Amino acid sequence: MHYEGSHKFGVHQNLLWLLLNDPIVLARITPGVKELIPIADGVFEAVFHIKMGPINSTFKGKMEVREKVAPRRYKLIVNVDAKIGMVAAEALIGLRREGQGTVISFSGNGRLSGKLARMGQRVLIGVARMMAKRFFKGLEEEIPEGGIHKGGEIMELPIKVTVNGLVRENRVEPRLTLVKYLRETLGLTGTHVGCDTSGCGACTVLVDGEAIKSCNLLAVQADGREITTIEGLATDSLHPLQDSFHQAHGLQCGFCTPGMILASVALLKRNPDPTDAEIRQGLEGNFCRCTGYHNIVKAVQNAARKME
Ligand code: FES
Ligand code: FES
């Protein structure tokens, strides 16, 4: 089954990109989706509820966002294997400026089996059209007032975040990444930028206790969340991981170290007694150009023992 469509919005592409990349917004506006739970970078467990003719069912599936080119396009892959049938669908979502506004278009193909497929091609195409219409209407409703000036250009949106225990409120451009917000707005320069493309892990911080590459998250997406940077890790004394990195010579130039330590904090929270291999796997998203990793692994093991 092939489907395509487009809709023009009167606002800037960056704002729409931001909304389209927010799992909470997507769950709210996508017909049939009740919840999107992030399980890996760009991968979500989706909880669906479909009420359509003889079908009234809740089931889970997987949604993946791939080949992201901000703020212009991404590929959405949906896979469902449930009692009502199987769905394997892909769609290219594109955003382009047009005058003062932005056109969002989608084009894709889907394969269905089971009860869903038995509904017939014509019915399904009608349903897809109706869902697209409701999706775009939902997206219109998500566009905040006050973040846009007359010409449709984005100015700023308000955010409120807790950083290292302090509540911070600022107005930021929707395109501002979290790492830039931390470094340039709040002056917390312990979070480093190595690649700016989510490859090296130097910018890792904790967002609600989870290790996140802050070059890959917009500041507005962190709204309402709790963030810990390297500056907030030590209390009266060094955190056991900071101390162990120091003792075991887990750093040389120190560029990767804040990200490495925060990724290790999240790792030990998930797995308090990791093996050598589990540490290497847990830190695979963090690159170090100096140490050869051996002493980093030793430091994490020592910290795990201290934190028992
Ligand atoms: Fe964020 Fe490299 S700067 S991963
Ligand atoms: Fe230099 Fe890791 S200590 S990059």
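Just so it is clear, the model here is predicted, and its values are computed rather than measured. Read the numbers this way: they start at 1 and go in the same order the structure lists the ligands and their atoms.
Near Gly199, meaning under 4.0 Å from one of its heavy atoms, ligand 1 places the atoms 4 (S). Near Gly194, the atoms of ligand 1 lying under 4.0 angstrom from a non-hydrogen atom of the residue are 3 (S). Short contacts between ligand 2 and Gly254, defined as distances under 4.0 Å to a heavy atom of the residue, involve ligand atoms 1 (Fe), 3 (S). Close approach to Gly201 involves these atoms of ligand 1, each under 4.0 Å from a residue heavy atom: 2 (Fe), 4 (S). Near Asp196, meaning under 4.0 Å from any of its heavy atoms, are these atoms of ligand 1: 2 (Fe), 3 (S). Contact atoms of ligand 1 toward Ser198: 4 (S) (distance under 4.0 Å to a heavy atom of the residue).
Although no hydrogens or angles enter the test, the distance criterion places no donor-acceptor pair under 3.5 Å between the side chain of Gln281 and the main chain of Glu278.
Hydrophobic clustering (ILVMFWY, side-chain heavy atoms < 4.5 Å, transitive): Leu218 and Val205 are in one cluster.
Between Glu45 and Lys62 there is no salt bridge, since no side-chain N of the basic residue sits under 4.0 Å from a carboxylate O of the acidic one. A salt bridge links Glu141 with Lys137: the closest approach of a Lys/Arg side-chain nitrogen to an acidic carboxylate oxygen falls below 4.0 angstrom. Of the charged side-chain nitrogens involved, at least one lies within less than 4.0 Å of a carboxylate oxygen, so that Glu90 and Lys75 count as a salt-bridged pair. In summary, Glu98 and Arg96 engage in a salt bridge, as defined by a charged side-chain N under 4.0 Å from a carboxylate O. Between Arg305 and Asp273, none of the side-chain N atoms (NZ, or NE/NH1/NH2) sits under 4.0 Å from a carboxylate O, so this pair counts as no salt bridge.
Not one N/O/S atom of Cys256, from backbone or side chain, sits under 2.8 Å from atom 1 (Fe) of ligand 2. Distances from atom 1 (Fe) of ligand 1 show that Cys195 has no N/O/S atom below 2.8 Å. Residue Cys288 does not count as close to atom 1 (Fe) of ligand 2, with no N, O or S atom under 2.8 Å. Here Cys200 does not reach atom 1 (Fe) of ligand 1: none of its N/O/S atoms is less than 2.8 Å from the metal.
For atom 3 (S) of ligand 2, the closest non-hydrogen atom on the protein side is Gln252 N, 3.2 Å. Closest to atom 4 (S) of ligand 2, if we only count protein heavy atoms, is Arg289 N, 3.3 Å.
Annotation: side chain of Leu178 is in contact with side chain of Ile227 (closest heavy-atom distance under 4.5 Å).
Rounded to 10 degrees, the SG-metal-SG angle spanning Cys253 and Cys290 at atom 1 (Fe) of ligand 2 equals 100°. Geometry about atom 1 (Fe) of ligand 1 gives an angle of 100° between SG of Cys215 and SG of Cys203, rounded in steps of 10 degrees.
For the residue pair Lys68/Asn21, the side-chain donor-acceptor check at 3.5 Å is satisfied.
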